[in-house]
Asker: 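There's a structure below that I have some questions on.
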Amino acid sequence: MAEHDVIVIGAGPAGEVCAGRAAGEGLDVALVERELVGGECAYWACMPSKALLRPAELLAEVRRVPGAKQAVTGGLDPAVVLARRDEIVHDLDDAAQLPWVQDRGITLYRGQARLDGERRVRVGDEVHLARRAVVIAVGSGAAIPPVPGLKDIAPWTNRQATTAKAVPPRLAVLGGGPVGCELAQAWASLGAAVTLVEAAPGLLPREEPFAADELAAALREHGVDLRLGVQATRAQRSDAGVITLTLDTGDAITSDELLVAVGRAPHTDDLGLETVDLEPGATIAVDDRMRVTGPAHRDWLYAIGDVNGRALLTQAGKYHAMIAVANIMNHEATADWDGDLSPRVVFTEPQITAVGRTLRGALDAGIPARAVDAELGRTPGASFIGRDAPSACRIVVDEVREVMIGATFTGPAVAESLHAATVAIVGEVPLRRLIHAMPAFPTRSEVWLKLLDPWMP
Ligand SMILES: Cc1cc2nc3c(=O)[nH]c(=O)nc-3n(C[C@H](O)[C@H](O)[C@H](O)COP(=O)(O)OP(=O)(O)OC[C@H]3O[C@@H](n4cnc5c(N)ncnc54)[C@H](O)[C@@H]3O)c2cc1C
């Protein structure tokens, strides 16, 4: 039996950051990974999806700028886009990640980890003991909804949809959240005829309605057939391989592949949770220090990243990792800015970015909120991005406290601007102070002049 100060289960972004920070604190750290160091994010989620989206985004941007537009004489080359995607995911080989682990003195165990009672982690035949803490960072996989026939047709999950070696002629997408929208647009841009089915009346149900509408218009412009407010009732695949997805409207969609993107399920079904009185298969609830809730576990068991269900985003997992390590070091840190308020980006064209509350969300929470709307496209800086690019924004303000509590920006390349809003919101910067933050000219950040105008003396 080997002993370590900390054993981290899962080497996705949350587990890696946790292991790295704990090792940086001088602790003896072991990291257990059953697949690839880097996790879902690096090989089958964030990184490959952005690799598939970026070429079309760039092409659209160039086409909006006269002078550069004339240099575009062809379309995307799907084979080259897919090859570049393979390069970005290192052909599903994690060798490039290993020096990072070794340089920090982290012990890497390969295999499926299972809890084996308090502070004990079994990997294969060996049991390892954690002197200070076990951190569960096992992430999540695609959830498959109980649509009759769906499991039998071997649908695509994010794994196939991010690593496919050829463009399917017809692709059906189930789910209009961030993953469904991103991958629908990516494959449409590469030439697939895409139909997206969403049960809710609109896309991105948690975001501001104007942002969802803008994205719906853009997807339609990309040729995506949107079926909103409809339910899938049956899926079948013929002997010839053609998929038929029947809808509650009576319509049927035929496709060559079907991507399921309706949510995630935590990787907790085979983790030995029953040995520490937790429920296998369930999300692992934590307190704000990332300690697994329940008196028996509070001081040694942590859960970070997707598996705790607070915010299924890489940045949230990394944030959880920082909080967990601080607590393992007895530094008393609590997470107060994740969950639904986390900064989030849908990397479509246009990008949809948001942080904090929507107006509806704020009013529902009983906050005396008001919204200020503006158009990024009306700033002088937008001239260089392309004036015909849709780009709306809204800030949501707590009228009593006079601070921002939410912001949404849409448009080309707005992801990099989101952090300014995040800083102002998390820092609770008074609006009457924020008006002194001068935006550079000519940038689209001048939209802040308009957004903050009501608080000018
Ligand atoms: C298509 C897609 C695109 C996305 N794009 C973005 C994006 O642009 N930005 C963003 O912030 N988020 C994005 N996400 C979400 C993001 O991928 C996840 O939030 C993130 O990967 C979670 O990190 P994690 O470390 O918790 O888990 P994971 O990345 O899932 O890593 C968990 C690791 O644990 C390992 N593991 C599991 N069980 C065991 C076990 N018992 N023993 C040993 N190892 C185990 C797994 O093999 C895996 O390597 C996207 C998701 C999808 C599906």
Side-chain angles (χ1 to χ4, degrees), residues 7-19 30-54 85 89 92 94 97 108-116 121-124 128 134-143 156-163 173 175 177-187 259-273 280 283-284 290 303-321 324 338 342-348 351-353 415 418:
I7 301 177
V8 181
I9 306 177
E16 274 194 313
V17 170
C18 181
L31 182 60
V32 193
E33 174 52 54
R34 68 179 181 187
E35 290 189 274
L36 298 176
V37 174
E40 199 78 4
C41 173
Y43 304 98
W44 297 284
C46 324
M47 297 301 283
S49 56
K50 270 80 257 179
L52 294 173
L53 284 160
R54 178 64 182 146
R85 181 274 322 269
V89 301
L92 303 184
D94 64 4
Q97 295 281 110
L108 178 64
Y109 296 118
R110 297 276 191 179
Q112 173 85 15
R114 294 179 183 87
L115 291 170
D116 188 40
V121 176
R122 177 180 291 280
V123 186
H128 306 283
V134 174
V135 183
I136 300 173
V138 294
S140 65
W156 273 12
T157 66
N158 62 293
R159 288 218 161 183
Q160 292 75 26
T162 51
T163 54
V173 177
V179 172
C181 290
E182 284 188 0
L183 291 171
Q185 193 176 60
W187 287 107
L259 164 64
V260 179
V262 297
R264 309 287 294 171
H267 282 143
T268 53
D269 47 345
D270 186 19
L271 190 57
L273 288 186
T283 294
I284 302 178
M290 301 299 131
I304 60 174
D306 279 13
V307 75
N308 68 25
R310 288 169 68 110
L312 278 66
L313 293 164
T314 290
Q315 61 266 24
K318 292 181 174 186
Y319 176 62
H320 295 164
D338 60 338
S342 305
R344 47 210 186 262
V345 177
V346 186
F347 287 87
T348 42
Q351 293 177 344
I352 309 293
T353 73
L418 182 65

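Ligands are counted one by one from 1 in listed order, and the atoms in each one are counted from 1 as well. Throughout, residue positions are numbered sequentially from 1 according to the sequence presented. Just so it is clear, the values below take in all heavy atoms, side chains as well, and ignore hydrogens, waters and symmetry mates. Since we're looking at a predicted model, the values are computed, not measured.
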Asker: Report yes if some N/O of D306 lies less than 3.5 Å from some N/O of ligand 1; otherwise report no.
Answerer: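 For ligand 1, there is an N or O atom that lies under 3.5 Å from one belonging to D306.
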
Asker: Backbone or side chain, does any N or O of V307 fall under 3.5 Å from an N or O of ligand 1?
Answerer: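 It does not: no N or O of V307 is found under 3.5 Å from an N or O of ligand 1.
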
Asker: Under 4.0 angstrom from ligand 1, any heavy atom of E16?
Answerer: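 False for this residue.
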
Asker: Any donor and acceptor pair, going by atom type alone, linking the side chain of Y43 with main-chain N or O of R159 inside 3.5 Å?
Answerer: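 No, Y43 side chain to R159 backbone: no donor-acceptor pair under 3.5 Å.
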
Asker: Which of the atoms in ligand 1, numbered in the order shown and given with their element, are less than 4.0 Å from a heavy-atom of V32?
Answerer: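 Answer, ordered by atom number: 43 (C), 44 (N).
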
Asker: Under 4.0 Å, counting heavy atoms only: does A42 come that close to any atom of ligand 1?
Answerer: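 A42: no contact with ligand 1 (<4.0 Å).
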
Asker: Heavy-atom contacts under 4.0 Å between N158 and ligand 1: side chain, backbone, both, or neither?
Answerer: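 Near ligand 1, N158 shows its side chain, while the N, CA, C and O stay back.
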
Asker: Report yes if some N/O of R264 lies less than 3.5 Å from some N/O of ligand 1; otherwise report no.
Answerer: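 Checking ligand 1 against R264, no N or O pair falls under 3.5 Å apart.
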
Asker: Judged on heavy-atom distance to atom 2 (C) of ligand 1, which of A45, G12, P13 sits nearest?
Answerer: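 Heavy atom nearest to atom 2 (C) of ligand 1 belongs to A45.
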
Asker: Would you mind running through ligand 1 and noting each atom that sits below 4.0 Å from a heavy atom of G305?
Answerer: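 Once the distances to G305 are compared, the set is 26 (O).
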
Asker: How far is atom 47 (O) of ligand 1 from its nearest protein heavy atom, and which residue and atom is that?
Answerer: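 Going by distance alone, atom 47 (O) of ligand 1 is nearest to E33 OE2, 2.6 Å.
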
Asker: Would you mind listing which atoms of ligand 1 come within a distance below 4.0 Å of any non-hydrogen atom of V179?
Answerer: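 Listed by number with element: 1 (C), 2 (C), 52 (C), 53 (C).
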
Asker: Could you list which atoms of ligand 1 come closer than 4.0 Å to a heavy atom of Q315?
Answerer: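 Close to Q315: 10 (C), 11 (O).
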
Asker: Give a yes or no answer on whether the side chain of R264 reaches the backbone of S140 with a donor-acceptor pair at less than 3.5 Å.
Answerer: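 Present.
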
Asker: Does V123 come within less than 4.0 angstrom of ligand 1, counting non-hydrogen atoms of the residue?
Answerer: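 V123: no contact with ligand 1 (<4.0 Å).
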
Asker: Between the side chains of T348 and Q351, is a donor N or O closer than 3.5 angstrom to an acceptor N or O?
Answerer: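 Absent: no donor and acceptor within the cut-off.
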
Asker: With a 4.0 Å cut-off on N to O distance, would you call D270 and R34 a salt bridge?
Answerer: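 Result for this pair is no, no salt bridge flagged.
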
Asker: Under 4.0 angstrom from ligand 1, any heavy atom of R344?
Answerer: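 So R344 does not count as touching ligand 1.
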
Asker: If the contact criterion is a heavy-atom separation under 4.0 Å, does S49 count as touching ligand 1?
Answerer: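 Distance cut 4.0 Å: S49 passes for ligand 1.
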
